There are 2 protein chains.
Amino acid sequence: MSTPLSIKIDRSSPIPLYHQVVQGIEGAIRDGSLASGTRLENEIELAQRLRLSRPTIRKAMDDLVQSGLLVRKRGVGTQVVSSQIRRHLELSSLNDDLERAGKKPSTSLLSFEHIPAPEQIQELLSLPKDVSVYHFTRLRSAGGSPLALMENWVRDDIVELDEKSLRAHGLYELLREAGVNFRLAQQRIGATIADGAQAEALDTEAGSALVTMQRTAVDDTGRNVETGSHVYRADAYSFEMTLVQR
Amino acid sequence: MSTPLSIKIDRSSPIPLYHQVVQGIEGAIRDGSLASGTRLENEIELAQRLRLSRPTIRKAMDDLVQSGLLVRKRGVGTQVVSSQIRRHLELSSLNDDLERAGKKPSTSLLSFEHIPAPEQIQELLSLPKDVSVYHFTRLRSAGGSPLALMENWVRDDIVELDEKSLRAHGLYELLREAGVNFRLAQQRIGATIADGAQAEALDTEAGSALVTMQRTAVDDTGRNVETGSHVYRADAYSFEMTLVQR
DNA sequence: CAGTGGTCTAGACCACTGC
DNA sequence: CAGTGGTCTAGACCACTGC
């Protein structure tokens, strides 16, 4: 009732052992040797066969359950989630989402200013009184057609921004280069109707549907680094995610 | 530089020790004895003081990091996330979201049928050929005003549904009573414009903004139990979530 | 009842951070 | 350099599941 898994463990690699197990199982799922619904070996057997301890195996399993690739049931076993559900999994991590927010398609800078934080922004970013913000709007396009209108505020005590660097690089790229390690983001997604200015910028009609997104991102020192308010053409963008029961 | 935490551990309780630690820290954060940004004791010290092993403490910390209450940095320490970010945290778990999908405000049943699965649904639910589905639409209202129009398909080999039970109970309530344990949900959120029928049902105007949500939910045996397509009045509803870097 | 995941211990050694 | 979290071991005992 269970499928033996062939995973190579390299003890001289700098990649942690549990993560090698994660990659091995991910790989086996991706290449089809672990089909949807397949039951895995039990944890103790797998640990013995790979010459790893059970806690190491469990750490790997925990990660895979968290990322939505496996489901576990006490007393029964662990199995691979259906391919239907796995299809868009890769979009659900903060990292990928931040990547998309900072890179890939072309982005043009529409406005830029360096100002004292408006009250609401000061609150959203929990800013000390002497910290100002960069405020700018950008237009994201993909394949030549406009996709999103993005307005952001970034605290100025962590990174130095100017128009030139924002024209050349993604926001998250710049922040990471400045040593910011993101840990958390609080996000709200809704809908609205395009007003005249939005419609013109996004090359659509006033009254068409837009997806709205507000996000505030936190780094590993607990600072709220940036907050943004974005609108996307609803015919070109939606948010996909996988929720995991905890 | 660190705050001693007073947590009571009850070794005779059926609640796992690591979860007592989670509850203790959550409680201390909620009642303010652990303020935003506070550094916690290091893991070894905390383990010794509570007379627990370090892995047990770490399991608790892992949970709190995953739920977005704490941020950790190697070589530095663990600290409490800012209250600004924590504010809407409780909405982000699958459980709460499912709760909201099945209960609370009043819900009326608009249509109900028990039919062979349309091709697209059969695919979304990865249904065997001999399994049919329940298909129904409901209107959710809160405080007397309509909020959402919900269309769902549920496989008929897991639970028996009829109009009467759906009028009396939430969908997820019924599914849980039938022994279904949800583990995962795949979700897509976007926007659209209300058409005439939607506008009438939701007591709004044609052309107003709606938030759209499609979801497929998976139980602990790996089955795709139900899929749904919902629209919400954008002026009354938005999705909030906390993304955690992994 | 046999099989499985869930919890827990008591360490060890390492990598990274900030001074 | 001292302090911190990150990884790993080799077990033990328990609770739940399905037959």
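A note on names: the letters A, B, ... follow the listed sequences, proteins ahead of strands, and every chain is numbered from 1. Note that the structure is predicted; figures quoted are calculated from it, not measured.
Look at A/R11 and you'll find a side-chain N or O under 4.0 angstrom from OP1 or OP2 of D/dT9. At D/dT9, one or more side-chain N or O atoms of A/T56 fall inside 4.0 Å of OP1 or OP2 (strictly under the cut-off). Contact annotation: B/T78 does not reach the phosphate of D/dT4 (side-chain N/O to OP1 or OP2, under 4.0 Å). Side-chain nitrogen and oxygen atoms of B/K73 include none within less than 4.0 Å of the OP1 or OP2 phosphate oxygen of D/dG6. Checking the phosphate oxygens (OP1, OP2) of C/dG5, no side-chain nitrogen or oxygen of A/R58 falls inside 4.0 Å. Not one side-chain nitrogen or oxygen of B/R54 sits closer than 4.0 Å to the OP1 or OP2 atom of C/dT9.
Other residues, nucleotides and ligands contribute only 12 or fewer heavy atoms inside 6.0 Å of the CD atom of B/E119.
When rounded to the nearest whole Å, the span between NE2 of A/H19 and C1' of D/dC8 equals 16 Å. Following rounding to the nearest Å, A/N42 (CG) and C/dA2 (P) show an atom-to-atom distance of 16 Å. Whole-Å rounding puts the B/L40 CG to D/dT4 C1' distance at 13 Å. In this structure, the CG atom of B/D220 is 9 Å from the P atom of D/dG18, given to the nearest Å. Spacing between atom CD of A/E45 and atom C1' of C/dA2 amounts to 14 Å, rounded to whole angstrom units. As rounded to whole Å, 11 Å separates atom C1' of C/dG18 from atom CZ of B/R39. One interatomic measurement links the two molecules: CD of B/Q48 to P of D/dG5, which rounds to 13 Å at whole-angstrom precision. One interatomic measurement links the two molecules: CD of A/Q20 to P of D/dT7, which rounds to 12 Å at whole-angstrom precision.
Counting only heavy atoms from C-beta on, B/R74 has its side chain closest to D/dG5 among D/dG5, D/dT7, D/dC16. For B/E43, whose side chain is taken as the heavy atoms from C-beta onward, the closest listed nucleotide among D/dG6, C/dT9, C/dT4 is D/dG6. Comparing D/dG5, C/dG6, D/dT9 by their closest approach to the side chain of A/R72 singles out C/dG6.
Remark: A/L184 CG to A/T216 OG1 distance equals 11.0 Å, nearest 0.5 Å.
When both pairing distances are held under 3.5 Å, D/dC16 makes a Watson-Crick or G-U pair with C/dG3. For D/dG11, the paired nucleotide is C/dC8, the pair qualifying as Watson-Crick or G-U wobble because both relevant distances are below 3.5 Å.
Partner of A/E151 under the side chain to side chain donor-acceptor pair (under 3.5 Å) criterion, out of A/R138, A/H230, A/H135: A/H135 alone.
Ring geometry for B/F136 versus B/F112: interplanar angle under 30°, hence parallel rather than tilted (30 to 60°).
Within the 4.5 Å cutoff, side-chain heavy atoms of B/I121 are placed close to those of B/V133.
Along DNA chain D, the nucleotide nearest A/I44 and the nucleotide nearest A/Y18 are compared for position; the residue whose nucleotide lies closer to the 5' end is A/Y18.
Contacts of A/L17 with the nucleic acid, taken as non-hydrogen atoms under 4.0 Å apart, involve only primed sugar atoms and P, OP1 or OP2. B/P55 comes within contact range of at least one nucleobase, with a heavy-atom separation under 4.0 Å.
Ring-centre distance between A/F239 and B/F239: not below the 6.0 Å cut-off.
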